[in-house]
Amino acid sequence: MSIEKATKTHLVTIESAGQHEGAEVTLRGWLYNLRESGKLLFPIFRDGTGLMQGVVSQKENPAAFEALRGLTQESSVIVSGRVRAEPRAPGGYELAVSEVEVVQRVPENDPYPIQLKEHGVDFLLDRRHLWIRTPRQAAILRIRAEAIRAAREYMDDQGYILTDTPIFTPAACEGTTTLFEVQYIDEQKAYLTQSGQLYLEATAAALGKVYCFGPTFRAEKSKTRRHLTEFWMLEPEAAYAHLEDMMALGEGLVSHMVQSVLKNRARELETLKRDTSKLAGVKPPFPRITYDEAVETLQKRGNPAKWGDDFGGDEETILSSQFDRPVIVHRYPAAIKAFYMQPDPERRELALGFDTLAPEGYGEIIGGGERIADYDLLVRRLRENNLPEEAFQWYLDLRRYGSVPHAGFGLGLERTVAWICGTEHIREVIPFPRMIYRVYP
Ligand code: NSS
């Protein structure tokens with residue numbers, strides 16, 4: 001059977017094979033595992049959409065039996081056969097294999113390196129290009145894709161216009177300690193973007209409600225389960241919007257992402273053995289507490305936090321553990337927040353900013369708030385933060401020409417997906433993680 005012939009027969013994916021019970025179908029994929037039992041073979045195929053067990057009898061299908069016997073793990077195959085219900089098989093169906101075409105045979109003397117047993121995480125990360133084939137990793141990437149799809153759907157439905165922001169930037173957005181400097185053309189210096197926010201403030205003044213969704217970079221020296229050096233951020237920004245509007249938009253967005261994954265990726269969540277009862281209740285409204293209340297709670301729980309401290313992972317875990325859904329902490333001390341944050345008119349030492357903390361110890365998934373709209377105050381803040389004013393002239397223009405109150409936030413995709421999946425570390429939820437000591441493969 002040739003590839004051409006196979007594509008003209010009943011070509012199906014494993015995910016949809018159940019709909020073809022009783023019919024002769026063709027699958028294109030890889031051999032995931034093979035159990036040999038005398039005159040019967042029990043191959044397990046994978047095609048990216050799932051796993052399907054096959055059964056081949058030497059007596060009934062000698063050619064298919066010979067093609068599969070001794071076939072090495074991850075050899076690519078096109079197989080045809082009849083779909084039948086088999087409650088004991090993964091997915092509830094199996095394939096009575098009648099024809100097999102081996103597309104590429106993995107050599108016996110150079111076997112597929114990742115066996116169906118436990119491997120150390122460094123071993124797997126070195127082989128990330130292969131590791132993503134395992135059912136667990138593939139399920140995570142399918143959930144990631146659904147989370148992205150749902151996030152864009154939500155933003156589009158809310159009337160936000162996608163405006164892509166640059167990756168090469170002339171200045172810092174989120175502090176100078178995590179900037180990646182790059183040698184730009186000739187003598188010029190540039191930095192990889194830490195956030196699209198500053199540019200979104202410009203597109204928001206042009207289009208009203210906007211968002212961007214792309215990779216962002218931080219030279220994070222910290223080796224934690226929540227930090228990558230390259231991660232994806234979805235950032236909305238709206239003209240004439242305030243802190244309250246963004247807290248509400250963020251809770252709507254997160255809820256839609258979670259509920260869409262629960263609805264459309266239930267099988268993958270099951271593969272991950274995720275306790276979905278912990279996600280089912282993620283719906284607006286999310287609890288809101290002030291920074292002051294957060295410090296009080298931490299102290300009551302014996303945490304040494306004092307007013308004025310920034311929260312780390314431990315503090316975030318204590319705060320979020322009191323709730324069954326994400327919690328919004330707002331009005332932090334201005335001194336621990338970014339230069340662009342609007343002060344609270346009621347208490348100037350506070351910033352009109354907020355963080356949304358995920359449950360189960362996943363930490364901050366959203367950070368945002370209201371921006372300084374006043375020209376003089378913004379110049380003062382740039383100077384206090386030792387930021388180069390020349391590089392920010394275009395940004396100051398936004399306060400010279402029709403400045404308006406505006407607000408936005410950034411949602412960290414990997415932290416959100418790690419929480420939805422219940423993975424231990426966020427490195428598993430991006431196809432090729434970039435971390436302090438890892439840029440390979
Ligand atoms: O630094 S943030 O809190 N905020 C900003 O960058 C704003 N300029 C966004 C905005 O208002 N438009 O980062 C936002 C989120 C944060 O809550 C995390 O979920 C995620 O980005 N984040 C990270 N994820 C993975 N790895 C690292 N290193 C990381 N840093 C932030």
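When a ligand or atom number is given, it counts from 1 through the structure's own listing order. The analysis underlying the following values was restricted to heavy atoms, covering all of them including side chains, and did not include hydrogens, waters or symmetry mates.
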Mark up the atoms of ligand 1 that fall under 4.0 Å of a heavy atom belonging to Arg371, in ascending order.
-> 10 (C), 11 (O), 12 (N)

Candidate with minimal heavy-atom separation from atom 7 (C) of ligand 1, of Glu174, Arg434, Glu370 | Glu174

State whether the shortest distance between N or O atoms of Leu228 and N or O atoms of ligand 1 falls below 3.5 angstrom.
-> yes

Give the single entry among Glu201, Gln197, Glu235, Arg218 that approaches atom 6 (O) of ligand 1 most closely by any heavy atom.
-> Arg218

Can you list the steps and then say if Ile44 with Met52 is a side chain to side chain contact (heavy atoms under 4.5 Å, CB included)?
-> CA-CA 6 Å; Ile44 296 178; Met52 187 170 201; over 6 Å; no

Examine Arg152 relative to Tyr154 and say whether NZ or CZ is less than 6.0 Å from the centre of the six-membered ring and inside a 45° cone about the ring axis.
-> no

Heavy atom of Leu413 under 4.0 Å from ligand 1?
-> no

Does some non-hydrogen atom of Glu237 fall short of 4.0 Å from ligand 1?
-> no

Charged N to carboxylate O under 4.0 angstrom, Arg142 versus Glu146?
-> no

Is it true that Glu237 and Lys209 make a salt bridge, defined as a side-chain N closer than 4.0 Å to a carboxylate O?
-> no

Salt bridge flag under 4.0 Å for residues Arg225 and Glu424 = no

Is Arg267 salt-bridged to Glu15, cutoff N-O under 4.0 Å?
-> yes

Could you pull out the closest heavy-atom pair between Arg28 and Ile78, with the gap in Å?
-> CG-CG1, 3.9 Å

Sub-3.5 Å N/O-N/O distance, Phe409 and ligand 1 = yes

Stacked cation flag Arg399 on Tyr401, 6.0 angstrom / 45 deg = no

Check whether any N or O atom of His227, backbone or side chain, sits under 3.5 Å from an N or O atom of ligand 1, and answer yes or no.
-> no

Hey, is Asp122 close enough to Arg127 for a salt bridge, meaning N to O under 4.0 Å?
-> no

Give the residue, atom name and distance (to 0.1 Å) of the protein heavy atom nearest atom 15 (C) of ligand 1.
-> Gly410 O, 3.7 Å

Could you tell me the residue and atom name of the protein heavy atom closest to atom 3 (O) of ligand 1, and the distance to it rounded to 0.1 Å?
-> Glu364 OE2, 3.0 Å

Give a yes or no on whether a salt bridge exists between Arg144 and Glu414, defined as a side-chain N under 4.0 angstrom from a carboxylate O.
-> yes

What part of Phe231 sits under 4.0 Å from ligand 1 if we count only heavy atoms: the side chain, the backbone, both or neither?
-> side chain

What atoms of ligand 1 come closer than 4.0 angstrom to any heavy atom of Ile366?
-> 17 (O)

To atom 25 (C) of ligand 1, the nearest of Glu220, Arg226, Gln194 on a heavy-atom basis is Arg226

Check Ile426 against ligand 1 and report side chain, backbone, both or neither, counting heavy atoms closer than 4.0 Å.
-> side chain

Ligand 1 atoms in contact with Ile365 (distance to a heavy atom under 4.0 Å) | 17 (O), 19 (O)

Should the proximity of Tyr340 to ligand 1, defined as any heavy atom under 4.0 Å, be assigned to the side chain, the backbone, both, or neither?
-> side chain

